[in-house]
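As the structure lists them, so they are numbered: ligands from 1, and atoms in each ligand from 1. What you see is a predicted model; the values in this text were computed from it and never measured.
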Amino acid sequence: MIADAKIRVFQSPTEVARAASELIVESAASAIQTRRCFHFCLSGGSTPKPTYSLLAATDREKIRWSQVRIYFGDERCVPPDHPDSNYKMASDTFLTSVPILPNQVHRIPAELDAPTAALQYEQAIRSVRFDLVLLGLGTDSHTASLFPNSEALLACDRLCIPIHLSQPGTDRITLTFPVFNRSRRILFLVTGPEKAEALRSIHDDPIDIPRRPAQGIRSINGDVIWLVDREAASALQKNTV
Ligand code: 6PG
């Protein structure tokens, strides 16, 4: 079980998105006030889309976008205009709707061969400490592209690595535990009944990172917050607020 997790349960995915967007606005304001810049690392998947839509519309004016730098926690090995690209998803849902310049968006160059792309991105983020990282959860308990029983879970001297998956055309590039865990704040967004068992297992079962990679996310000097909806939380036994 994750002893220090903060789990907040909401009635619906819409309420999760509202709470997430508020936390992003608050984290941005605090980072910009104290350090002049907000280093924000995005997640892929479908769960964050409603949150990104709020950032593009209702909450757009609440963030000083000129002081924001965008990064990605993982990416599929496809060009940036491919339908599977996390960069494209973020661009379509909010990056093209907010006043942010191309040089403020640090995407993973996933159109290159994977080892080269991973090395280039590692160089790009080496001196960055993320103020906020968004993460999702897979039904197999993966997060970012850190999958069960993968060698990537053991990477302690790399910040970004290529991931080869058995199905053709599914290779990815992911950031690793060391870079996620040195972030100032980590925000998991988890919604839907299909995530209930993975969420329960991560929070209520013993730590077993090879089996449940999301248990390896432990902010060294910041906090980890889980925003989940009622359906995803339905199997949880403890730790909720
Ligand atoms: C990705 C993610 C991945 C995702 C989970 C949950 O690029 O797909 O980084 O880790 O967050 O698989 O995905 P959903 O939000 O689509 O359920």
Side-chain angles (χ1 to χ4, degrees), residues 10 12-14 16-17 19-21 24 40-54 70-80 82-95 106-111 114 117-118 121 125 130 132-150 152-153 155 159-165 167 169-177 179-181 183 186-202 209 211-217 224-229 231-234:
F10 297 87
S12 65
T14 308
V16 168
S21 187
I24 293 164
F40 182 23
C41 181
L42 306 180
S43 109
S46 55
T47 310
K49 286 182 186 176
T51 303
Y52 294 165
S53 299
L54 287 173
I70 300 284
Y71 306 85
F72 291 82
D74 72 330
E75 186 55 278
R76 289 156 180 91
C77 291
V78 294
H82 190 282
D84 293 342
S85 162
N86 285 343
Y87 167 77
K88 177 172 164 47
M89 186 277 276
S91 294
D92 292 349
T93 49
F94 87 104
L95 293 176
H106 303 274
R107 71 172 179 86
I108 300 175
E111 67 278 21
Y121 207 58
I125 62 169
F130 299 133
L132 182 65
V133 174
L134 292 188
L135 287 172
L137 178 67
T139 52
D140 62 355
S141 299
H142 80 263
T143 191
S145 290
L146 296 166
F147 290 94
N149 301 313
S150 135
L153 306 178
L159 306 182
C160 183
I161 49 176
I163 299 291
H164 179 66
L165 299 173
Q167 265 189 308
T170 55
D171 288 353
R172 297 179 178 212
I173 293 159
T174 190
L175 303 194
T176 58
F177 287 133
V179 67
F180 287 131
N181 290 352
S183 309
I186 296 165
L187 195 55
F188 275 94
L189 307 182
V190 187
T191 61
E194 69 281 8
K195 302 289 175 69
E197 175 50 25
L199 191 67
R200 183 208 63 74
S201 177
I202 282 157
I209 294 170
R211 226 169 125 189
R212 301 184 269 275
Q215 287 181 325
I217 299 289
V224 183
I225 301 171
W226 292 71
L227 303 183
V228 310
D229 75 344
E231 291 190 317
S234 58

Query - Partner residues of E194 under the salt bridge (charged side-chain N to carboxylate O under 4.0 Å, His left out) criterion, sequence neighbours left out - result: none
Enumerate the pairs of nitrogen or oxygen atoms, one from ligand 1 and one from the protein, separated by less than 3.5 angstrom; state names and distance to 0.1 Å.
residue: ligand 1; atom: 7 (O); partner: D74; partner atom: OD1; Å: 3.3
residue: ligand 1; atom: 7 (O); partner: D74; partner atom: OD2; Å: 3.1
residue: ligand 1; atom: 7 (O); partner: R76; partner atom: NH1; Å: 3.1
residue: ligand 1; atom: 7 (O); partner: N86; partner atom: ND2; Å: 2.9
residue: ligand 1; atom: 8 (O); partner: R76; partner atom: NH2; Å: 2.8
residue: ligand 1; atom: 9 (O); partner: D74; partner atom: OD1; Å: 2.8
residue: ligand 1; atom: 9 (O); partner: D74; partner atom: OD2; Å: 3.1
residue: ligand 1; atom: 10 (O); partner: H142; partner atom: NE2; Å: 3.4
residue: ligand 1; atom: 10 (O); partner: A144; partner atom: N; Å: 3.1
residue: ligand 1; atom: 10 (O); partner: A144; partner atom: O; Å: 2.6
residue: ligand 1; atom: 12 (O); partner: H142; partner atom: NE2; Å: 2.8
residue: ligand 1; atom: 15 (O); partner: S46; partner atom: N; Å: 3.2
residue: ligand 1; atom: 15 (O); partner: T47; partner atom: N; Å: 2.9
residue: ligand 1; atom: 15 (O); partner: T47; partner atom: OG1; Å: 2.4
residue: ligand 1; atom: 16 (O); partner: S46; partner atom: N; Å: 2.8
residue: ligand 1; atom: 16 (O); partner: S46; partner atom: OG; Å: 3.0
residue: ligand 1; atom: 17 (O); partner: K195; partner atom: NZ; Å: 2.6

Requested in this report: Describe, in one word, how the ring planes of F94 and F40 are oriented to each other, choosing from parallel (under 30°), tilted (30 to 60°) and perpendicular (over 60°).
Outcome: tilted
Query raised in the report: Hey, does Q215 have a side-chain heavy atom less than 4.5 Å from the side chain of S141?
Result: no
Query raised in the report: Taking only residues two or more places apart in sequence or in another chain, which ones pass salt bridge (charged side-chain N to carboxylate O under 4.0 Å, His left out) with R172?
Result: D74
Query - Partners passing salt bridge (charged side-chain N to carboxylate O under 4.0 Å, His left out) against K49 (at least two apart in sequence or in another chain) - result: none
Query raised in the report: Going by heavy atoms in the side chains, are C160 and I173 under 4.5 Å from each other?
Result: yes
